[in-house]
Amino acid sequence: MQHLSPSGLSLPSPSRRTLLRGIGGAAVLGAGIPLLSACGGSGTASDPKTVTLGSKASDAVPKKAFADIYAAYKKKSGITVDVNTKDSNTFQEQINSYLQGTPDDVFTWFAGYRMQFFAAKGLATPIDDVWKTIGGNFPEAMHKLSKGEDGKYYFVPLYSYPWAVFYRKSVFQEKGYEVPTKWDDFVALCKQMKKDGIVPIAFGDKDAWPALGTFDQINFRQNGYDFHVELMAGKASWTDAKVRKVFDLWTEILPYHQEGSMGRTWQDAAQTLASKKAGMYLLGTFVAQQFTDKAALEDLDFFAFPEIDPAYGQDTVEAPTDGFMMSKSPKNKTEAVKLLEYLGTTEAEDIYLKSDPSVVHAATGADTSSYTALQKKAYEMIAGAKSLTQFMDRDSRPDFTSTVMQPALQKFIRDPKGVDGLLSSIERQKKTIFASG
Amino acid sequence: MTTQTTKETREAATVPPPGAAPANKVPQGHRRLLTRRDRLALGLMAGLPTILHIALVWVTALASVALAFTTWDGIGFDSIKWVGLENFKQLFNDNPQFWPAVQHNVVWFVVLIVIPTPLGLFLAVQLDKRIRFSRVYQTAFFLPVVLSMAVIGFVWQLVYNPDTGLINSLIGANEPGKYIDWIGDPDLNLWAILVAASWRHTGYMMILYLAGLKGVDPSLREASALDGANEWQTFKNVIFPTLRPTNTVVLVVTIIEALRAFDLVFVFNKGAQGTELLSILVTNNIIGESSRIGYGSAIAVVLLLISLVVIIPYLIATFRKERRA
């Protein structure tokens with residue numbers, strides 16, 4: 001205790017000195033740690049018959065689905081996949097130190113900017129040779145998604161799930177609503193629903209990420225895929241008139257969104273669609289998980305977010321894609337390459353989809369015979385897309401989306417009039433974050 | 001070096017005839033008293049904790065102070081870049097969440113000291129009168145303190161949930177038009193959370209004051225009763241002044257509670273609009289896939305400085321009192 005005050009925390013001048021000493025200490029510490037991790041990474045000899053795999057699939061359904069793939073692979077090749085499963089949130093939070101320490105040979109991850117970020121940091125191995133084998137299995141859009149900024153492949157996609165506007169067929173039939181394909185029709189439909197005493201658009205933004213999806217849809221319908229990519233990569237400016245236009249359009253439909261969205265989770269919002277209190281809901285296909293009643297699930301349908309600018313039509317689909325990457329210095333590279341080649345086959349995807357029907361194949365030519373109606377539609381939507389986007393937090397730096405965009409969009413939803421000040425604040429913060437490397 | 005000399009002198013003092021023993025016997029006795037193994041064991045016992053303490057408390061604290069002047073994404077040490085006061089400039093000028101967070105930490109403290117603390121004192125005084133079932137009341141009021149803040153967050157979410165929660169269901173405020181969004185509305189949510197925090201804090205304060213009241217000399221009460229003071233006069237002029245040490249503890253505990261406020265809010269709505277707190281900003285910036293460790297450290301340094309401004313005067317006062325005593 002007595003150590004505390006003399007060490008300079010209360011006195012201004014020694015504190016600067018302690019500070020410098022502290023920096024020295026940090027530097028010594030800094031020099032030590034990479035050495036340690038380097039030792040662990042390459043030291044141990046590994047079993048040639050085993051590939052290690054770090055997995056974030058900790059939920060029961062995907063965990064089993066993945067396990068089925070690895071079991072099938074072992075049968076086929078005699079190679080054991082040694083899976084190290086971590087809780088998915090923990091896995092994501094620790095990915096940084098995990099990849100710098102002693103990562104497994106192969107690990108599960110997301111496509112898009114999040115993959116490119118770690119590839120650019122030198123924490124992943126390029127896998128162009130794998131793509132020579134599996135390239136034919138995937139549509140052009142998936143090729144684009146799997147490349148790093150340097151044009152090399154770093155990612156093997158396994159499955160996707162699109163975002164769209166969900167609705168109840170029976171409600172539309174009963175009230176004589178038609179699926180809107182143009183913005184004006186969409187707004188008119190919202191008006192009509194409100195008049196009919198239905199909440200037009202279900203909405204829950206308590207977890208702060210669902211609003212990012214609404215922004216994405218309006219943005220690439222209005223400004224196109226290329227602008228979306230530029231904006232997410234921090235290149236385009238948030239004070240651009242194009243971005244302002246997105247918020248103007250959003251302000252137009254905001255009054256038709258469910259009230260009190262910031263206190264509601266997406267699960268609760270999905271319940272209002274399930275109970276027919278709400279007419280539409282913009283979300284990923286995982287919304288179906290909330291439809292526990294079988295009849296209600298069969299009544300669920302969706303349409304692509306309506307066209308805003310005819311120049312872009314509905315050619316972009318938001319379809320977050322999950323798959324695999326290879327760590328920077330895998331212990332068993334030859335077998336890791338072979339495993340990734342297998343994971344990029346339609347066979348591996350079919351095995352996965354058998355146990356987890358909430359998502360769709362990333363590969364073309366997969367077996368869609370067992371698909372539900374929703375899955376079939378989702379698959380066609382992705383296969384027919386000219387460009388695929390990931391979700392905002394996967395297409396941009398996650399630190400930017402979580403510390404700047406999530407609170408900013410919540411602020412907008414609460415006070416749409418303050419948008420100009422908000423956009424310049426976003427732009428200022430974006431500059432410093434993207435400048436930091 | 002210094003320890004050795006003190007030991008030698010102490011040893012010398014215990015040896016009865018100083019002149020009788022030959023000079024070379026003293027170091028021998030010293031060796032016998034502390035063999036090499038003993039010294040090793042002592043060194044380990046004292047040294048290991050010291051090293052751990054320095055490494056885990058001081059080095060990390062000072063490193064985070066140092067990092068507050070850099071930018072670092074946590075990947076490789078070569079990406080640490082010195083930016084001077086840039087993080088603080090950004091924090092004070094550009095971060096729309098920073099000033100609300102500071103403000104909310106202050107509000108948190110003021111509310112805790114104004115509402116649950118006097119309430120806890122009131123309950124303690126009532127329970128101290130050994131009324132019937134006082135054990136039952138005591139347990140009931142203290143129960144929330146046993147729960148972790150995270151659990152309290154979950155419990156109160158059930159009460160506040162705007163669609164299905166207890167309050168809105170009872171008063172019918174979950175319908176369009178008269179909707180009350182307890183968790184999402186920035187004008188309401190901080191107060192909603194503070195009710196939950198106070199619910200717990202009251203019990204905590206009650207126990208502290210109850211302990212303080214048990215220490216009050218019963219003869220004081222008797223004397224004031226003999227002097228004809230009524231209950232309120234006795235409390236105000238006799239009992240409350242004797243609770244002074246307890247009040248200091250209560251003040252410090254409440255300040256700490258206000259500064260470390262985190263778990264309840266994190267569970268409640270992750271410090272979204274209206275409930276920002278410094279501790280949550282630190283977490284949001286440091287934990288994650290590509291973290292802003294420098295920036296997060298800068299916020300942590302601000303939190304540290306605020307804590308020191310509060311704690312140092314307390315420590316100075318305490319030490320001064322000890323020295324006098």
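Chain letters run A, B, ... following the sequence lines, proteins first, then strands; residues in each count from 1.
- When each of B:Asp94, B:Ile80, B:Thr164 is scored by its heavy-atom pairs under 4.5 Å with chain A, the top score falls to B:Asp94.
- For B:Gln97, the part lying under 4.5 angstrom from a heavy atom of chain A is the side chain only.
- Relative orientation of the A:Phe91 and A:Tyr98 rings is tilted, given thresholds of 30° and 60° on the angle between their planes.
- Heavy-atom pairs under 4.5 Å with chain A were tallied for B:Asn269, B:Val83, B:Asp185; the largest tally goes to B:Asp185.
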Q: Assess whether side-chain contact (heavy atoms from CB on, under 4.5 Å) is satisfied between A:Phe110 and A:Gln390, documenting all intermediate values.
A: CA-CA 9 Å; A:Phe110 312 111; A:Gln390 300 300 291; 5.6 Å; no
(Q) Set out, in order, the CA-CA distance, both residues' side-chain angles and the distance that settles salt bridge (Lys or Arg N to Asp or Glu O under 4.0 Å) for A:Arg264 and B:Asp181, then state yes or no. (A) CA-CA 9 Å; A:Arg264 186 181 299 111; B:Asp181 189 358; over 6 Å; no
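- When heavy atoms are compared at a cutoff of 4.5 Å, B:Gln273 approaches chain A by way of both its backbone and its side chain.
- Between B:Phe88 and B:Phe69, the ring planes lie tilted relative to each other; the angle falls in the 30° to 60° range.
- Among A:Arg414, A:Gln429, A:Lys277, the residue making the largest number of heavy-atom pairs under 4.5 Å with chain B is A:Arg414.
- Contacts of B:Phe268 with chain A are made by backbone atoms alone, with heavy-atom separations under 4.5 Å and no side-chain atom involved.
- With a 4.5 angstrom heavy-atom cutoff, A:Leu422 does not touch chain B via any of its atoms.
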Q.
If you apply the rule side-chain contact (heavy atoms from CB on, under 4.5 Å), what do you find for A:Thr125 with A:Ser327, and how did you get there?
A. CA-CA 6 Å; A:Thr125 308; A:Ser327 59; 5.8 Å; no
Q: Under the side-chain contact (heavy atoms from CB on, under 4.5 Å) rule, what do B:Leu304 and B:Val65 come out as? Steps first, then yes or no, please.
A: CA-CA 9 Å; B:Leu304 176 73; B:Val65 171; 4.3 Å; yes
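- Looking at A:Thr265, neither its backbone nor its side chain comes within 4.5 Å of chain B, counting heavy atoms on both sides.
- For the side chain to side chain contact (heavy atoms under 4.5 Å, CB included) with B:Leu303, the qualifying choice from B:Leu281, B:Leu277, B:Leu278, B:Val102 is B:Leu278, the only one to do so.
- With chain A as the partner, the residue from B:Asn174, B:Asp163, B:Asn93, B:Asn95 showing the most heavy-atom pairs under 4.5 Å is B:Asp163.
- For a residue to count as touching a neighbouring chain, one of its non-hydrogen atoms must lie under 4.5 Å from one of that chain's; by this rule B:Asn189 does not touch chain A.
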Q: Evaluate salt bridge (Lys or Arg N to Asp or Glu O under 4.0 Å) for A:Arg397 paired with A:Asp399, printing each intermediate quantity in order.
A: CA-CA 5 Å; A:Arg397 288 181 62 118; A:Asp399 51 358; 2.8 Å; yes
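- Neither the backbone nor the side chain of B:Glu276 comes within less than 4.5 Å of any heavy atom in chain A.
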